[in-house]
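Labels below follow one simple rule: chain letters A, B, ... track the order of the sequence lines, proteins then strands, and each chain is numbered from 1. Worth saying up front: this structure is predicted, and the values here are computed from it rather than measured.
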Number of protein chains: 2
Amino acid sequence: MATLADVARHAGVSTATASRIINGSSKPVADALRTRVLAAVAELKYVPNAHAQMLARSHRSAVGVIVHDVSDPYFAEITRGLQRVATADGRLVIICNSFREPDRELEYIDLLHAHQVAAIVIAGSGYLDDATAARLDDRLRAFEATGGRIAVIGRHEHTGDAVLPDNEQGGYLAGAHLFDLGHTEVAVIAGPSYLTTTFDRLKGLQRAARKYGCKLPKKRIIHADFTRDGGEDATARLLTEQPEVTAIAALNDSMAVGALAALRTAPDRRLAVIGFDDMPIARDVTPSLTSVRLPLTELGERAMTLALGAAGDAPRVEHVEAALIIRQSTWSL
Amino acid sequence: MATLADVARHAGVSTATASRIINGSSKPVADALRTRVLAAVAELKYVPNAHAQMLARSHRSAVGVIVHDVSDPYFAEITRGLQRVATADGRLVIICNSFREPDRELEYIDLLHAHQVAAIVIAGSGYLDDATAARLDDRLRAFEATGGRIAVIGRHEHTGDAVLPDNEQGGYLAGAHLFDLGHTEVAVIAGPSYLTTTFDRLKGLQRAARKYGCKLPKKRIIHADFTRDGGEDATARLLTEQPEVTAIAALNDSMAVGALAALRTAPDRRLAVIGFDDMPIARDVTPSLTSVRLPLTELGERAMTLALGAAGDAPRVEHVEAALIIRQSTWSL
DNA sequence: ACGGTCTAGGAAAGCGCTTACCTCAAGCGT
DNA sequence: ACGCTTGAGGTAAGCGCTTTCCTAGACCGT
């Protein structure tokens, strides 16, 4: 492992000069030396030790991202936005998958803190449970206390910079669309009940129900896990247990796709299905899926922009609207 | 930012003792001190500086991953496998998206090198162009020369540990299936021509054609970019320019899904379509997609296992087989 | 030719941590 | 009671780099 000292010795200069040349410091250096040092770098295949650099200039450059799971399309989309902005700013992005386990999340916060990241962006971990949320918040504050910046995507215990998708409004849009079409017996395939995302989308749905004078009783709300298979199972149960239902609102597209799959096995039943998030697949399933679009990439971009921006005096909160995308999976009764 | 020295001072011990207590060193320490130090850690919200640690114990622990794009389902799947193994081994994973730009890839190799990662895993960058491949190989060797480990997924210029999906055989399987069904006029929607993945899959297809005494002339091979929209465009062109074609082999599922979408706009044309990779969506499109399955997660797991294993005397190469999954998008003529 | 101002390059002090080595005192056997 | 082992804890030397001085020669005006 070649070190800066090796390079300097090889070129017959001091480490100070070598460092200045390699980092393109503003201090002028004779061309002869520059050439010699650069030659030494090439010959020794010198690569500076990033850890030593970080230590010496106490200058944070990397940023951390904590999401549920990058390979989940929802978070993949968000992550894409985060990356775009961070990379454009010349920063290394460290991505951590929390799998929605608070302990793992806690661990990653400390890990990123230890790695001296400039900022942490957290998406998809709005826990309704206060104790859990408080524990997380405590660690986040510790990070902030050392000058780190934090931005969250989605409602979160942590009060600070945030980008908030309007899940409640999205839920309302979904509900209103179904009720508008004349469906009165609507079932909801929800996500895990401990997530704020689930809670808010449900709230919007309930508001729409009230507005249209319809009911959305507890038994019509089935909690699944945001996965395709979860949606399929829930729909299968629904089909036999609550045959009066004519429309399904799935709280994300993966579950909606599962619902469509379950319906395909029961060709005699024709239910309307609406999804959430408007993932790319929504266009390609049959029938194509009506969905509530959230501009996920933009969500990521804005969050990272907040995180990299100057530390604010007051927490900045940005709201992002949801939009209804009507396709063929919903129709009037 | 609290440092170890602060903690030590606060607890009235030396930094050596504090360090030993915090890292749970094997050296015995009086319980009274341990308690005091731990209390100081909690009170000062001390988080060790990972960079300083890395520097002090010259012990590499993180691992790097370079893929085309994590949010592409193909790589998401591979990444999932990589992560599982690395995390189980208690390592931080740094993921880099190369977007198949050799320069970016080069940059990331050096960056990971600079960050002293223990190993680098590279997926999806088998470049056919020798000059590009050689440049990459040079940087990889520099990394290996410092004790770093490398594993590649897919055919690659770099000779070393590798996990090789049998793309040629997969191509053969796809071709044989179509020819078996009686299709003689087959078109191929290929990926970028500079990728070994494209090359190998095509080679298998050609072998099947020869075996069945069919032709697969150049004009039947359309190069797209592995995206859904690319597949849709290519199919649209095909439909008008080569109406005699009765079956399409897309070299990945995204493009196959695009092909299905294009076909949907031409209900009078009924072409068979086969995809590649067997992504989760394959089950959920209509008609469900016949595809050549590659166990992507396993690919990732095995590559990371190689990368973390003991440095071998000889390069280890593992082969992974492809399998045909027949669904409804292919039928006999 | 001389004092003074630049300027290119070097010496060395850390950045925060680990750890090999050292010290000092308590505890042991005889 | 003495020398010796043992064990708890401290001292300080780096890990590889950046950067702040500082030095010494070059160059200027007079």
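Using a 4.5 Å cut-off on side-chain heavy atoms (C-beta onward), A:Val320 and A:Pro295 make contact.
With B:Ser98 contributing its side chain and B:Val67 its backbone, the two residues share a donor-acceptor pair below 3.5 Å.
Of the two residues contacting DNA chain D, namely B:Thr15 and A:Leu4, the nearest-nucleotide position lying further toward the 5' end is that of B:Thr15.
Nucleotide D:dC15 holds its C1' atom 12 Å from the CE atom of A:Met1, rounded to whole Å. As a whole-Å value, the separation of A:Ile22 CD1 from D:dT19 C1' is 15 Å. Counting to the nearest Å, the P atom of C:dG16 and the NE2 atom of A:His115 are 16 Å from each other. The distance from atom NE2 of B:His59 to atom P of D:dG16 is 16 Å, rounded to the nearest whole Å. Protein atom CZ of A:Arg20 is 12 Å distant from nucleotide atom C1' of C:dA12, rounded to whole Å. Rounded to an integer number of Å, the gap from B:Lys27 NZ to D:dT11 C1' is 12 Å. In this structure, A:Arg9 atom CZ and D:dG16 atom P are separated by 11 Å, rounded to whole Å.
Residue A:Arg316 comes nearest to A:Ala310 through the heavy atom pair NH2-O, 3.1 Å, listed as atom of the first residue, atom of the second, then distance.
Under a 4.0 Å N-O distance rule, the pair A:Arg141/A:Glu144 qualifies as a salt bridge. Between B:Asp31 and B:Arg34 there is a salt bridge, since a side-chain N of the basic residue sits under 4.0 Å from a carboxylate O of the acidic one.
Between A:His113 and A:Phe143, the ring planes are perpendicular. Angles over 60° get that label, and only those under 30° would be called parallel.
Within the nucleic acid shown, A:Ala16 comes within 4.0 Å of at least one base atom, counting heavy atoms only.
Across residues 46-57 of chain A, A:Leu55, A:Ala56 each have a non-hydrogen atom less than 4.0 Å from an atom of DNA chain C (numbered order).
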